[in-house]
Asker: 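Sharing a structure, written as structure tokens. Questions coming.
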There are 2 protein chains.
Amino acid sequence: MSEQPANPADDGDVTRADSLAREIFADVANKWALLIINVLGERTLRFGELHAEVGGISHKMLTQTLRVLERDGLVERTVHPTVPPRVDYVLTGPGQALRAMVNGMCGWTRRHLPHIEEARRRFDADRSGNA
Amino acid sequence: MSEQPANPADDGDVTRADSLAREIFADVANKWALLIINVLGERTLRFGELHAEVGGISHKMLTQTLRVLERDGLVERTVHPTVPPRVDYVLTGPGQALRAMVNGMCGWTRRHLPHIEEARRRFDADRSGNA
DNA sequence: CGGTATCCGACGAGATACTG
DNA sequence: CAGTATCTCGTCGGATACCG
């Protein structure tokens, strides 16, 4: 990520690593993935609990996003062969490291909520004036 | 954000604030917005410079995302009435605070890149086996 | 150079129904 | 209860072209 001065000597691998980083970043930098990581917090949650705690996410998107996170090794999925079935999700080490940042973002959102709300009003007011 | 125990007494405002938080979070929690905030870093950049530094973003998405960020008061847009026109973008206070977290995420991506790459290989290998 | 508008394909994402 | 499959539609997002 970030700046690559594009050293002419070491081509062919920097770019590969960079595109991979982009890919991973895209996996993680979306609304649902971040919300899931956030609610997963420290403790293990079942599929249904996740569904309830995230709120507003469809059954499909939840499984889908969870698979991506599982594939990237951010969450661990444990299937208990009981009936009815029970599946637990828990953050891995890297997942928890990421969660710290996501938590920061959530805190940021809460802290700056008034500021942003006002910024929006001003912005919207300005463009009504000279439409 | 985070857990609202849903106190039965104070309805009607928590939910409004919460949905607003969701909205803002959604504005910010997407690939392009985060990448823009990241490259904007500390210093002011022109539209064209941003376009080049982000890399892979279309003309349209750049303007579009910038407007959202401007509306939420995360970036400040300054138009110089010259010819050819020149437009500068810079992070506001809240924008810089957020950038810190985004930077963290980028660092995280770089650090865990090998781990994730391997996790992916294992995941993909496993499901080839019992397809 | 920066922004807007339009067209259009591709995927994101919900609803529903079925399996184990 | 958890997951997959299919169908559908809305929106994201790229390409192009035109204004200031």
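Each chain gets a letter, A, B and so on, in the order the sequences are listed, and its residues count up from 1. Here the structure is a predicted model, which is why all the values come from computation and not from measurement.
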Asker: For the pair A/Asp124 and B/Arg71, find out whether any cationic side-chain nitrogen is under 4.0 Å from an anionic carboxylate oxygen.
Answerer: yes
Asker: Between C/dG3 atom C1' and B/Glu70 atom CD, what is the distance in whole Å?
Answerer: 12 Å
Asker: State whether A/Arg43 and A/Glu53 are salt-bridged, where the test is any N-O pair (Lys NZ or Arg NE/NH1/NH2 against Asp/Glu carboxylate O) under 4.0 Å.
Answerer: yes
Asker: Students often mix this up, so state it plainly: with edges at 30° and 60°, are the rings of A/His112 and A/Trp108 parallel, tilted or perpendicular?
Answerer: tilted
Asker: I'd like the 5' and 3' limits of the part of DNA chain D contacted by chain B, with heavy-atom contacts below 4.0 Å.
Answerer: D/dG13 to D/dG20
Asker: Within this structure, what is the NZ-to-C1' distance between A/Lys60 and C/dA17, rounded to whole angstrom?
Answerer: 14 Å
Asker: Within this structure, what is the NE2-to-C1' distance between A/His80 and C/dG20, rounded to whole angstrom?
Answerer: 17 Å
Asker: Rounding to a whole Å, what distance do you find between B/Phe47:CZ and C/dG3:C1'?
Answerer: 7 Å
Asker: Whole-Å distance between C/dA13 P and B/Asn30 CG?
Answerer: 11 Å
Asker: Ignoring hydrogens and angles, does a donor from either the side chain of B/His59 or the base of C/dG3 sit under 3.5 Å from an acceptor on the other?
Answerer: yes
Asker: Is the shortest side-chain N to carboxylate O distance from A/Glu118 to A/Arg122 below 4.0 Å?
Answerer: yes
Asker: If the threshold is 4.0 Å, N to carboxylate O, is there a salt bridge linking A/Glu49 and A/Arg46?
Answerer: no
Asker: Salt bridge between B/Asp72 and A/Arg120, side-chain N to carboxylate O under 4.0 Å?
Answerer: yes
Asker: Without decimals, in angstroms, what is the distance between B/His51 NE2 and C/dG2 P?
Answerer: 10 Å
Asker: Atom NZ of B/Lys31 and atom C1' of C/dC11: how far apart are they, to the nearest Å?
Answerer: 13 Å
Asker: Can you work out whether A/Ser58 or B/Glu49 has the more 5'-proximal nearest nucleotide on DNA chain C?
Answerer: B/Glu49
Asker: How long is the line joining CZ of B/Arg67 and P of C/dG2, in whole Å?
Answerer: 14 Å
Asker: Considering only heavy atoms from C-beta outward, does the side chain of B/Thr78 approach that of B/Val87 to under 4.5 Å?
Answerer: no
Asker: Between A/Trp32 and B/Arg46, which is nearer to the 5' end of DNA chain C once each is assigned its nearest nucleotide?
Answerer: B/Arg46
